[in-house]
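A short worksheet on the structure shown next.
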Amino acid sequence: MAKPVTLVTFVLPAAMRRWVNDQNEVRVFAVAASDHGPPTLGRALDTLRRTHPSLEERLRDEYGHLRRHIALYVCGANASGLGGLDCALPPGAEVYVLPALV
């Protein structure tokens with residue numbers, strides 16, 4: 001059985017576009033960790049690390065945690081309230097990357 005896959009669109013603020021050739025969004029595939037689980041935000045970031053490592057470094061720290069000054073919104077909801085990196089991604093998910101207000 002194949003692992004579930006979904007296309008994820010990361011929508012970027014102007015300050016982060018320099019690491020992706022001034023694109024305002026980046027699309028990657030998120031592949032679930034198992035045959036039965038959904039693709040997650042963490043798995044989408046794992047793919048982003050391979051395709052755009054400079055951008056991914058600005059989103060996660062050296063331990064793989066989301067950086068304090070970054071907020072990710074999955075389909076309009078703050079990912080921290082949806083399970084953080086374990087947040088399940090629906091098909092065609094949009095992830096908005098925003099500077100966090102601390």
Side-chain angles (χ1 to χ4, degrees):
M1 196 174 214
K3 295 178 182 178
V5 177
T6 191
L7 180 64
V8 180
T9 302
F10 285 91
V11 181
L12 306 171
M16 292 191 164
R17 294 176 189 165
R18 64 196 269 192
W19 292 288
V20 292
N21 297 324
D22 291 322
Q23 300 174 72
N24 63 342
E25 56 186 41
V26 174
R27 290 184 176 93
V28 298
F29 287 102
V31 180
S34 70
D35 293 345
H36 305 290
T40 63
L41 179 58
R43 299 292 288 189
L45 289 169
D46 291 344
T47 303
L48 190 64
R49 181 183 324 127
R50 290 188 295 278
T51 60
H52 296 89
S54 296
L55 174 61
E56 194 271 344
E57 288 174 3
R58 270 91 190 151
L59 304 180
R60 290 198 289 190
D61 64 20
E62 61 273 12
Y63 303 105
H65 302 115
L66 290 177
R67 294 192 181 274
R68 284 186 47 233
H69 64 280
I70 296 295
L72 300 180
Y73 282 77
V74 176
C75 299
N78 192 326
S80 64
L82 300 173
L85 295 176
D86 294 327
C87 168
L89 297 175
E94 287 188 339
V95 178
Y96 285 81
V97 179
L98 302 170
L101 298 175
V102 287

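No hydrogens, no waters, no symmetry mates; every other heavy atom, side chains included, goes into these values. Note that the structure is a prediction, hence the values are computed from the model and not measured.
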Practice item. Would you sort out whether T47 and V8 count as a side-chain contact (heavy atoms from CB on, under 4.5 Å), showing the intermediate values? Key: CA-CA 10 Å; T47 303; V8 180; over 6 Å; no

Revision key, fill the gap. Heavy atoms of R43 and A30 approach each other most closely as C-CB, 4.4 Å

Check your understanding: Atom CD of E57 and atom CZ of R67: how far apart are they, to the nearest 0.5 Å?
Key -> 8.0 Å

Revision key, fill the gap. Taking every heavy atom of H52 against every heavy atom of W19, the minimum-distance pair comes out as CD2-O, 4.3 Å

Check your understanding: Rounded to the nearest 0.5 Å, how far does CG of L55 lie from CD of Q23?
Key -> 10.0 Å

Check your understanding: So which pairs with a foot in residues 23-34 pass salt bridge (charged side-chain N to carboxylate O under 4.0 Å, His left out), sequence neighbours left out?
Key -> E25-R27

Review point. How would you list, by chain and number, every residue that makes a side chain to side chain contact (heavy atoms under 4.5 Å, CB included) with R17, sequence neighbours excluded?
Key: L12, A14, D22, N24

Review point. How long is the span from the CG atom in L41 to the CG atom in L82, to the nearest 0.5 Å?
Key: 9.5 Å

Review point. Would a 4.5 Å heavy-atom cut-off, applied to side chains only, mark L85 and T40 as touching?
Key: no

Exercise for review: Indicate the atoms forming the closest heavy-atom contact of N78 with Y73, along with that distance.
Suggested key: N-CD2, 3.3 Å

Distance-only check: which donor-acceptor pairs under 3.5 Å involve side-chain atoms of residues 88-98, not counting sequence neighbours?
unit_1: E94; atom_1: OE1; unit_2: Y96; atom_2: OH; d: 3.2

**Study point:** By side chain to side chain contact (heavy atoms under 4.5 Å, CB included) - contacts of R49 (at least two apart)
**Key:** D46, E56, R60

Practice item. Kindly compute the distance separating CG (L72) from CZ (F10), expressed to the nearest 0.5 Å. Key: 7.0 Å

Practice item. Can you sort out the partners of A32 under side chain to side chain contact (heavy atoms under 4.5 Å, CB included), two or more places apart, ordered by chain and number? Key: P4, P39

Check your understanding: Other than F29, which residues form its hydrophobic cluster under the rule that side-chain heavy atoms must be closer than 4.5 Å?
Key -> V5, L7, V31

